[in-house]
Amino acid sequence: MNISPTYVFLLWHNHDLTDDFGTHEEIKLIGVFSSEAKAQETIERLKDKEGFRDYPLSCFEIAKTKIDQTSWADGFFIARWTE
């Protein structure tokens, strides 16, 4: 049986945030959607809401992802910078 892969669309909001610890990325997973159109509709609903309206639309990102696929198969490392 050959089953084609199923995809979902992850909607993220990502922007730089400066606080007492420096500048870092502030990343929010808004939701997981069955279509890109539904993710885009959510951007339209959220873009003028408190917080979101303070950042450009480019801070929203839609990522198409295959279900049951490992995304970090090779592990990761943490890089720390000092200024």
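Just so we're clear, the structure is a prediction, and the values are computed from it rather than from any experiment. Worth knowing before you read on, the calculation uses all heavy atoms, side chains too, and leaves out hydrogens, waters and symmetry mates.
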Compare all side-chain heavy atoms of [X] with those of [Y] and state whether any distance is below 4.5 angstrom.
| X | Y | answer |
| --- | --- | --- |
| Glu36 | Tyr7 | no |
| Tyr55 | His13 | yes |
| Phe52 | Ile30 | yes |

TODO: Grab the two heavy atoms, one from Gly22 and one from His24, that are nearest each other, plus how far apart they are.
DONE: O-ND1, 3.8 Å

Under a 4.5 Å side-chain heavy-atom rule over Ile, Leu, Val, Met, Phe, Trp and Tyr, are [X] and [Y] clustered together?
| X | Y | value |
| --- | --- | --- |
| Ile27 | Val32 | yes |
| Leu11 | Leu57 | yes |
| Leu46 | Phe9 | yes |

Open item on the list: More than 12 heavy atoms of other residues, nucleotides or ligands under 6.0 Å from NZ of Lys38: yes or no?
Closed with: no

Task: Within 6.0 angstrom of Glu50 CD, more than 12 heavy atoms from elsewhere - done: no

Residues 62-76, side-chain donor-acceptor partners within the protein, below 3.5 Å, at least two apart:
none

Look up atom [atom1] in [X] and atom [atom2] in [Y], then write down how far apart they are to the nearest 0.5 Å.
| X | Y | atom1 | atom2 | value |
| --- | --- | --- | --- | --- |
| Asn14 | Phe60 | CG | CZ | 11.5 Å |
| Leu29 | Glu61 | CG | CD | 11.0 Å |
| Lys47 | Cys59 | NZ | SG | 14.0 Å |

